[in-house]
Amino acid sequence: MGKYAGRMRDHTTDQSDQSDQSDRSGLRGDCERCFGLCCVALPFAASADFAIDKQAGTPCPNLRGDHRCGIHAELRPRGFTGCTVYDCFGAGQKVSQLTFGGQDWRTGSREHARRMFDVFPVVRQLHELLWYLTEALTLPAARPVHADLRRTLEKTEALTRRTPEELGALDVGAHRQEVNVLLLRTSELARAATGGSKKKNRRGADLMGARLQGADLRGASLRGAYLIAADLTGADLRDADLIGADLRDTDLTDADLTGAFFLTQPQLNAARGGPGTRLPGSVTRPAHWTARL
Ligand code: SF4
């Protein structure tokens with residue numbers, strides 16, 4: 001969902017929330033330097049998030065010739081909420097400008113386009129891992145594993161710089177597993193330092209629609225938890241691990257997420273919240289939270 005394609009730009013605008021803990025400038029979508037890859041490479045299934053079906057490798061009919069979204073200002077009312085949630089973690093500009101040297105899929109051969117669309121999701125996964133690893137290095141309690149984190153971050157960064165052929169053959173799942181072991185250890189250290197206890201381990205829990213207003217989830221592990229449409233208004237989520245938690249339509253109004261880690265912008269964009277939601281500095285307040293107040 002390319003340039004101004006909404007998936008990235010229009011939902012992240014309250015910069016007052018941002019107090020960068022480290023340099024993640026390359027880990028945020030820069031649609032200006034991308035050839036609209038997410039609007040072409042990825043498939044959609046018609047649903048509450050997308051108004052239409054679209055196959056991978058086929059340009060969205062709303063994508064204009066200049067790689068801008070033709071309905072950018074109306075994505076939500078037109079049924080493309082999913083586009084306002086997505087972020088490529090900077091993979092779009094990396095693949096467009098580095099991996100393929102600035103050659104647009106529109107002007108290259110069909111084979112060039114196909115390879116570009118194949119490589120994009122691989123680099124997107126690697127960039128998501130870079131996001132987590134970079135954040136892990138900002139957590140003082142994770143100091144015992146900082147050396148391993150740095151090594152793994154450098155290795156992951158090096159992978160993103162491989163050739164299209166090498167990236168196409170990469171077993172990104174295996175690399176993800178390797179990183180995950182380290183992120184788990186990071187989480188244990190970080191949560192132990194803030195009082196997160198075993199009884200707050202909600203890893204992978206089915207909490208869909210759960211009523212958790214004002215819940216004490218400080219230092220909890222909510223890794224991969226299903227919190228779809230859960231009510232977390234006023235909940236204490238300080239220093240919680242939110243990696244992979246499904247926050248679609250989760251109500252975070254007045255919740256406190258200060259110090260929560262491994263939270264990504266796409267997760268937050270999919271949730272509901274308001275001006276009273278307290279956020280970690282790594283993410284920005286979604287524009288649509290205030291737009292509908
Ligand atoms: S509607 Fe189409 S062109 Fe617009 S952001 Fe979504 S995928 Fe991209």
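All ligand and atom numbering here is 1-based and tracks the order in the structure. Along the sequence shown, residues are numbered consecutively beginning with 1.
With salt bridges taken as basic N to acidic carboxylate O contacts below 4.0 Å, one links E188 and R185. With respect to the salt-bridge test (charged N to carboxylate O, under 4.0 angstrom), the residues K200 and D216 qualify. K94 has a carboxylate O that lies under 4.0 Å from a charged side-chain N of E157, or vice versa, which qualifies the two as a salt bridge. Of the charged side-chain nitrogens involved, none lies within less than 4.0 Å of a carboxylate oxygen, so that R115 and D118 do not count as a salt-bridged pair. A salt bridge does not link R211 to D231: none of the charged side-chain nitrogens sits closer than 4.0 Å to a carboxylate oxygen. Between R218 and D236 there is no salt bridge, since none of the side-chain N atoms of the basic residue sits less than 4.0 Å from a carboxylate O of the acidic one.
For residue C69, no N/O/S atom approaches atom 2 (Fe) of ligand 1 to within less than 2.8 Å.
Ligand 1 places these atoms under 4.0 Å from at least one heavy atom of L75: 1 (S), 4 (Fe). Residue-ligand proximity, N62 to ligand 1, at heavy-atom distances under 4.0 Å covers atoms 1 (S), 2 (Fe), 3 (S). Counting atoms of ligand 1 from 1 in the listed order, those under 4.0 Å from a heavy atom of L63 are 3 (S). Counting atoms of ligand 1 from 1 in the listed order, those under 4.0 Å from a heavy atom of C60 are 1 (S), 2 (Fe), 3 (S), 7 (S).
By the 4.0 Å heavy-atom criterion, L42 is excluded from the residues contacting ligand 1. The shell of residues lying under 4.0 angstrom from ligand 1, judged by heavy atoms, includes F44.
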